[in-house]
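Down below is the structure, laid out as structure tokens.
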2 protein chains.
Amino acid sequence: MNSQFKKGVLELIVLVSVNKKDMYGYELVLEVSKVVDVNEGTIYPLLKRLTNENYFETYLMESTEGPSRKYYKITVLGQSRLKELKDAWKEFSDSVNNFIKESDKDE
Amino acid sequence: MNSQFKKGVLELIVLVSVNKKDMYGYELVLEVSKVVDVNEGTIYPLLKRLTNENYFETYLMESTEGPSRKYYKITVLGQSRLKELKDAWKEFSDSVNNFIKESDKDE
DNA sequence: CTAACTACCTTGCATTGTCAAGTACTAAAT
DNA sequence: ATTTAGTACTTGACAATGCAAGGTAGTTAG
């Protein structure tokens, strides 16, 4: 897969995921990987950034299957960021798809 | 617009454009800008890279409206790269759109 | 007890795009 | 004749994002 396409979209995918339900980092790696290949070294720094920007809050919970889990919960600010990004993505991908379709036509 | 979305897609848009007809750099800046905001400092280095990778060939032509224009012409290799990128983009954007749609549903 | 899995985090690197500036040619306005 | 605006290309310092590879540590199964 073309790794460049991912740029910026990962933030959207993570926001969409955490918006559905609180999630911890490792879980997100698995969830996000269903859509696009992604690696821990990408997700953890991203989660930190999104938390710093107040899109997420965090809390710890013990697990019976390993070390404690740090859960991420979306904030109100995070939800507005999500909407913003979702709209931007839609506009962007539509416009790219349109451009490709147009040029396929006249051949 | 989210500038990160652009990463990797610009190459696709440029390939699509030059595949339609030979174009010079400045013309491409204008053409590509119809789809995504872009500036000269992005396009020219990209054209150089794509030429180095043998996706494009170039030739010069004089202009009555300014300095000579360097035209870019797609190669056979460039066409296969175009197909590759187009398919990858389709798969990628479909999968992202699907993921967003799925999560919109259960609300 | 040790391997395997869960869970988290960090550092250095590569790639790609941005900004800002500079060069140079042509044509129209002053 | 000189300035201005538009066309056209180039470069270098910079920022953002993702990846690879490594580290720490708790839990469970063999």
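All chains are named by letter (A, B, ...) in the order of the sequence lines, taking the proteins before the strands, and each is independently numbered beginning at 1. Bear in mind that the values here come from a model prediction, so they are computed numbers and not experimental data.
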#### Entry: Partners passing salt bridge (charged side-chain N to carboxylate O under 4.0 Å, His left out) against B:Glu40 (at least two apart in sequence or in another chain)
none
### Task
Quick one: closest heavy-atom pair of A:Leu28 and A:Ser17, and the distance?
CD2-CB, 3.7 Å
### Task
Provide, to the nearest angstrom, the distance between the CD atom belonging to A:Glu11 and the P atom belonging to D:dT17.
7 Å
### Query
What residues, two or more places apart in sequence or in another chain, satisfy salt bridge (charged side-chain N to carboxylate O under 4.0 Å, His left out) together with B:Lys48?
none
### Query
Rounded to the nearest Å, what distance is computed from the CD atom of residue B:Glu31 to the C1' atom of nucleotide D:dA8?
17 Å
### Between C1' of C:dT6 and NZ of A:Lys70, the distance in whole Å
16 Å
## Note on the structure
A:Leu50 atom CG is separated from D:dT17 atom C1', nearest whole Å, by 12 Å
### Query
Of the nucleotides D:dT7, C:dT10, C:dT6, which one has an atom closest to the side chain of B:Arg69?
D:dT7
Do any N or O atoms of the protein come closer than 3.5 Å to N or O atoms of nucleotides 18-22 of chain C, and which pairs are they?
from: C:dT18; atom 1: OP1; to: B:Lys6; atom 2: NZ; distance (Å): 2.6
from: C:dT18; atom 1: OP2; to: B:Thr42; atom 2: OG1; distance (Å): 2.2
from: C:dC19; atom 1: OP2; to: B:Asn39; atom 2: ND2; distance (Å): 3.2

### Task
Report yes if at least one side-chain N or O of B:Lys48 is closer than 4.0 Å to OP1 or OP2 of D:dT11; otherwise report no.
yes
### Query
Taking only residues two or more places apart in sequence, or in another chain, which ones meet A:Glu27 in a salt bridge (charged side-chain N to carboxylate O under 4.0 Å, His left out)?
A:Lys21
#### Entry: Minimum-distance nucleotide (side-chain atoms of A:Lys7 versus C:dT16, C:dC9, D:dT17)
D:dT17
### D:dT10 OP1/OP2 closer than 4.0 Å to side-chain N/O of B:Tyr44
no
### Message
Output the rounded distance in Å from CG (A:Leu28) to C1' (C:dA7).
### Response
12 Å
### Task
Could you check B:Tyr72 against A:Leu46 and say which one's nearest nucleotide on DNA chain D is further toward the 5' end?
B:Tyr72
### Query
Which letter, B, S or -, goes with each nucleotide of nucleotides 25-30 of chain D from 5' to 3', with contact meaning a protein heavy atom under 4.0 Å?
-BSS--
### Task
Classify the ring geometry between B:Phe92 and A:Trp89 as parallel (under 30°), tilted (30 to 60°) or perpendicular (over 60°).
perpendicular
### Task
Using a cut-off of strictly less than 4.0 Å, decide whether A:Arg49 has a side-chain nitrogen or oxygen near OP1 or OP2 of D:dT17.
yes
#### Entry: For atom CZ of A:Phe5 and atom P of C:dG17, their distance in whole Å
10 Å
### Query
Between B:Asn39 and B:Thr42, do the side chains contain an N or O donor and an N or O acceptor separated by less than 3.5 Å?
yes
## Note on the structure
note: A:Met61, atom CE; C:dT6, atom C1'; distance rounded to Å ~ 16 Å
### Task
State whether the side chain of B:Thr75 and the backbone N or O of B:Asn54 hold a donor-acceptor pair below 3.5 Å, judged by distance alone.
yes
### Task
Scan B:Asn19, B:Val18, B:Val14 and name whichever one has a side chain to side chain contact (heavy atoms under 4.5 Å, CB included) with B:Leu82.
B:Asn19
### B:Tyr26 side-chain N/O to D:dT7 phosphate OP1/OP2 under 4.0 Å
yes
### Query
Between B:Leu47 (CG) and D:dT11 (C1'), how many Å, whole number?
15 Å
### Message
Could you check whether atom CD of B:Glu53 has more than 12 heavy atoms from other residues, nucleotides or ligands sitting under 6.0 Å from it?
### Response
yes
### Query
Who passes salt bridge (charged side-chain N to carboxylate O under 4.0 Å, His left out) against A:Glu31, sequence neighbours left out?
A:Lys20, A:Lys34
